[in-house]
Participant: 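Pasting a structure below so you can have a look.
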Amino acid sequence: MAEVREKALWIGGLNAVSDPAALTPDQARQMVNARHTTYGSATRRGGTRKCLSAAIGLSATSNVGIYWPKFTKVCVVGGSTQKLYTADPPSSFTTTWTMTMDAGTVFKALSLAIFEDATTEVIYGESQSGGLYKWDGTTSTNVTAGSPVSVNGICVSGNRLWGWNSAASANSVYYSALENGDTLGVAASGGGQIVVQTYGDQDIIACRPVGASLMIFHRSGLSRLTGFGESDLSVSPQRASDDIDICGQNAVDIFHNSAWVATPQGLYQVTEGAATPIGTPEKPDPTIAAIAASSYRNLVQVFANTATFEIWVIIPGTGVYAYNILTDAWSGPWNGAIFAAVAPSIPFAIKESTNKTQQRVVLPPDAAGLMWEVDSPDWFTDSTAAAGTGGSAYTMTLQAHRCFTEERTNSKSWRWANVTALLTASATAPTCVVQSMLGGATTSTFNTPIAAQCIYYQPGAGTGPYLDVTINDGASVQSEYLMVEVIGNTLGHR
């Protein structure tokens, strides 16, 4: 009986769509609560921790936030009255935050942007019901002079503030004068309106700047507005792609000079010249089935985590699927309660003041009025208290591709499933489940984890043409898995 071996790696990412026998040797059937490193190993995603020890006001809707580098301030809109709250993020991110409510007016904003008001840099906020607001670092103001238009969302492109989808014209974009967001849609002050009819009277769901163009996402279809200079608005929007059916207003984010868009057809990368689906027959997109099964398609969000080179597709009720643009591979879902909230707030990133290369991801106040740091590099428990105590462990599950070792019709007697991993000393030992066609499933526990790269020898079980290997790691500390190697003896054709 000749010895046979096969290695299973993780760099090819999650493939939960194809038949188990069709996966390549570097793909995984499960990567729950796991992510890729940039060199292809699998690690635990970060935990979730409260930023606030007490709620700042209940809200039944998603809230928004933004980091303002000018003042190193975190600014969020939250609570049932939609007040503006600000905080100086603690440099260590391991202490409780203190939020201060602005003493000015309510700040009814569902979209935020940093721009100029002809005098100084401010934060603008917009919503159809509330109109245009701004905050200068001291006081918030409802901008009413000249009657700027009330729109569903705002962004900055070509040195102008842009808005889209007003109550009067759902298929229009509006622009401000140069370097003066107060004039959004005010023709007498240098602003204006462009009716976009490249796809008839379809609503405009979102707009984002990509390169020198403003990309306009319709309910079905994508248009592009490209001027010849920052003051030239004489051009007309052009069709860019008929393939894009964006899920909702927050289902798009910008990274590496591209827009990344969640659609019912999967994740797309949008440049000025093309819209390209990420999924391929060899690497199927796991978000397609998850979005199809969701009752909250319009609440799907996309967030670009620039620190980890990941595009997060946040699907309410399911969790996060992460696409790593360096390894061209998927992981997920991340299914903790905060990640899988039915009405999630919109993530935003802030920089640590003590280390400018580090980034934290924060959720504005949720429906309970609490802010959360998610995917924290300091905590590997979920729902951790603001002081860093408590929290609950979550399980990372990795299942390698189905290992046949050689001729797929040959039966084998399975001896070992050896796991190469870098664990944490004194951590809860992971378990390994091996399952063959004849012999059922057998569970074993890793030897005592050590803080060094080590091969953990797990017994095989049963006979058959293939062996499935699943690792379940419920430790509350970081773990890293590099590969699995199965070893058996061939029994010939059975």
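Side chains are part of it too, since the values below use all heavy atoms of this structure and drop only hydrogens, waters and symmetry mates.
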Participant: Taking only residues two or more places apart in sequence, or in another chain, which ones meet Trp260 in a side chain to side chain donor-acceptor pair (under 3.5 Å)?
Facilitator: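 Here no residue qualifies.
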Participant: Can a donor-acceptor pair be found between the side chains of Asn15 and Gln27 at a distance below 3.5 Å?
Facilitator: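 Yes, side-chain donor-acceptor contact under 3.5 Å.
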Participant: Please examine the side chains of Phe255 and Ile325, heavy atoms only from C-beta on, and report whether any two atoms are closer than 4.5 Å.
Facilitator: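 With C-beta onward as the side chain, the pair touches.
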Participant: List for me each residue that meets side chain to side chain donor-acceptor pair (under 3.5 Å) alongside Gln478, sequence neighbours excluded, and say none if there are none.
Facilitator: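 Here no residue qualifies.
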Participant: Decide side-chain contact (heavy atoms from CB on, under 4.5 Å) for Ile216 and Leu225; before the verdict, give the C-alpha distance in whole Å, the side-chain angles of both, and the deciding distance to 0.1 Å.
Facilitator: CA-CA 8 Å; Ile216 303 169; Leu225 180 64; 4.2 Å; yes
Participant: Between Gln193 and Ser172, is there a donor-acceptor pair closer than 3.5 Å when you use the side chain of the first and the backbone of the second?
Facilitator: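 Checked: no pair found.
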Participant: Between CD1 of Ile154 and OH of Tyr133, what distance do you get to the nearest 0.5 Å?
Facilitator: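 Ile154 atom CD1 to Tyr133 atom OH measures 12.5 Å (nearest 0.5 Å).
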Participant: Is there a donor-acceptor pair closer than 3.5 Å between any side-chain N or O of Arg44 and the backbone N or O of Val477?
Facilitator: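 Confirmed, Arg44 side chain pairs with Val477 backbone.
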Participant: Would you be so kind as to tabulate the donor-acceptor pairs closer than 3.5 Å made by side chains of residues 261-269, with sequence neighbours excluded?
Facilitator:
| unit_1 | atom_1 | unit_2 | atom_2 | d |
| --- | --- | --- | --- | --- |
| Thr263 | OG1 | Gln265 | N | 3.0 |
| Thr263 | OG1 | Gln265 | OE1 | 3.3 |
| Thr263 | OG1 | Gly266 | N | 3.2 |
| Thr263 | OG1 | Gly266 | O | 2.8 |
| Gln269 | NE2 | Ser258 | OG | 3.0 |

Participant: Under 3.5 Å, side chain of His401 to main-chain N/O of Pro25, donor-acceptor pair present?
Facilitator: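 Present.
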Participant: Is it the case that the side chains of Ser169 and Ser166 hold a donor-acceptor pair, with the cut-off being a distance below 3.5 Å and no angle test?
Facilitator: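 No - no donor-acceptor pair under 3.5 Å links their side chains.
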Participant: Is it the case that the side chains of His36 and Ser41 hold a donor-acceptor pair, with the cut-off being a distance below 3.5 Å and no angle test?
Facilitator: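 There is no such pair (donor and acceptor under 3.5 Å, judged by atom type) between the side chains of Ser41 and His36.
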Participant: Side chains of Val302 and Val252: does their closest heavy-atom pair fall under 4.5 Å?
Facilitator: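 Heavy-atom side-chain distance check fails, nothing below 4.5 Å.
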Participant: Please answer whether the main-chain N or O of Ser213 pairs with a side-chain N or O of Glu272 as donor and acceptor at a distance below 3.5 Å.
Facilitator: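 Yes; at least one donor-acceptor contact below 3.5 Å.
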Participant: What I'd like to find out is whether the side chain of Val362 reaches to under 4.5 Å of the side chain of Ile350, using heavy atoms alone.
Facilitator: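 Touching, per the 4.5 Å side-chain cut-off.
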Participant: Can you tell me which residue pairs pass the salt bridge (charged side-chain N to carboxylate O under 4.0 Å, His left out) test with a partner in residues 212-226, sequence neighbours excluded?
Facilitator: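 Qualifying pairs, neighbours excluded: Asp203-Arg219.
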Participant: Is there a side-chain contact between Tyr321 and Trp330 in this structure, where contact means two heavy atoms from C-beta onward sitting under 4.5 Å apart?
Facilitator: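 Yes - at least one pair of side-chain heavy atoms lies under 4.5 Å apart.
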Participant: Mind checking the OG-CG spacing from Ser127 to Leu112? Nearest 0.5 Å is all I need.
Facilitator: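 So the gap between those two atoms works out to 10.5 Å.
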Participant: In Å, rounded to the nearest 0.5 Å, how long is the span from CH2 of Trp135 to OG1 of Thr141?
Facilitator: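 Rounded to the nearest 0.5 Å, the CH2-OG1 separation comes to 11.5 Å.
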Participant: Show your working on side-chain contact (heavy atoms from CB on, under 4.5 Å) between Tyr175 and Leu184 and close with a plain yes or no.
Facilitator: CA-CA 5 Å; Tyr175 57 89; Leu184 181 65; 5.5 Å; no
Participant: Once you round to the nearest 0.5 Å, how far does CZ of Phe217 lie from OG of Ser241?
Facilitator: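 If we round to the nearest 0.5 Å, Phe217:CZ and Ser241:OG are 9.5 Å apart.
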Participant: Can you tell me how far apart CG (Asp242) and OH (Tyr199) are? Round to the nearest 0.5 Å.
Facilitator: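 Here the interatomic distance stands at 4.0 Å.
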Participant: Is it the case that the side chains of Thr183 and Asn180 hold a donor-acceptor pair, with the cut-off being a distance below 3.5 Å and no angle test?
Facilitator: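 No, because no side-chain N or O of Asn180 sits under 3.5 Å from a partner of the opposite role on Thr183.
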Participant: With Asp201, which residues qualify under salt bridge (Lys or Arg N to Asp or Glu O under 4.0 Å), at least two apart?
Facilitator: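 Here no residue qualifies.
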Participant: Side chains of Asn171 and Gln197 only: does a donor on one sit below 3.5 Å from an acceptor on the other?
Facilitator: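 Absent: no donor and acceptor within the cut-off.
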Participant: Run the side-chain donor-acceptor check on residues 286-299: report pairs under 3.5 Å with partners two or more places apart or on a different chain.
Facilitator:
| unit_1 | atom_1 | unit_2 | atom_2 | d |
| --- | --- | --- | --- | --- |
| Thr287 | OG1 | Asp285 | OD1 | 2.6 |
| Thr287 | OG1 | Asp285 | OD2 | 3.4 |
| Ser294 | OG | Tyr296 | N | 3.0 |

Participant: Going by an N to O cut-off under 4.0 Å, is there a salt bridge joining Glu373 and Arg49?
Facilitator: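 So Glu373 pairs with Arg49 through a salt bridge.
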Participant: What residues, two or more places apart in sequence or in another chain, satisfy side chain to side chain donor-acceptor pair (under 3.5 Å) together with Gln202?
Facilitator: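 For Gln202 there are no side chain to side chain donor-acceptor pair (under 3.5 Å) partners, ignoring immediate neighbours.
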Participant: Distance-only criterion, 3.5 Å: show the donor-acceptor pairs between side-chain atoms of residues 275-283 and protein atoms not counting sequence neighbours.
Facilitator:
| unit_1 | atom_1 | unit_2 | atom_2 | d |
| --- | --- | --- | --- | --- |
| Thr280 | OG1 | Glu282 | N | 3.4 |
| Thr280 | OG1 | Lys283 | N | 2.9 |
| Lys283 | NZ | Asp328 | O | 2.9 |

Participant: Output the distance between atom NE2 (His218) and atom SG (Cys207), rounded to the nearest 0.5 Å.
Facilitator: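 Here the rounded value is 8.0 Å.
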Participant: Only pairs at least two apart or in different chains count here, so list each salt bridge (charged side-chain N to carboxylate O under 4.0 Å, His left out) that has a residue in residues 23-37.
Facilitator: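 Passing the test, one end in residues 23-37: Arg29-Asp468, Arg35-Glu310, Arg35-Asp375.
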Participant: Parallel, tilted or perpendicular: which one describes the rings of Phe309 and His256, with boundaries at 30° and 60°?
Facilitator: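 Judged by the thresholds at 30° and 60°, the geometry between Phe309 and His256 is perpendicular.
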Participant: Which residue in the set Val151, Asn165, Ile194 passes side-chain contact (heavy atoms from CB on, under 4.5 Å) when paired with Val173?
Facilitator: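 With Val173 as partner, side-chain contact (heavy atoms from CB on, under 4.5 Å) holds for just one option, Ile194.
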Participant: Restricting to side chain to side chain donor-acceptor pair (under 3.5 Å), what partner residues turn up for Ser111, sequence neighbours left out?
Facilitator: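 Not a single residue meets the side chain to side chain donor-acceptor pair (under 3.5 Å) criterion with Ser111.
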Participant: Table please: side-chain donor-acceptor pairs of residues 334-341 below 3.5 Å, with sequence neighbours left out.
Facilitator:
| unit_1 | atom_1 | unit_2 | atom_2 | d |
| --- | --- | --- | --- | --- |
| Trp334 | NE1 | Ala34 | O | 2.8 |
| Asn335 | OD1 | Asn33 | ND2 | 2.9 |

Participant: Counting only heavy atoms not in Lys7 (residues, nucleotides, ligands), do more than 12 fall under 6.0 Å from its NZ?
Facilitator: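 Result for NZ/Lys7: open.
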Participant: Do any pairs count as a salt bridge (charged side-chain N to carboxylate O under 4.0 Å, His left out) and have a residue in residues 122-134, sequence neighbours left out, and if so which ones?
Facilitator: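 Found Asp117-Lys134, Lys134-Asp182.
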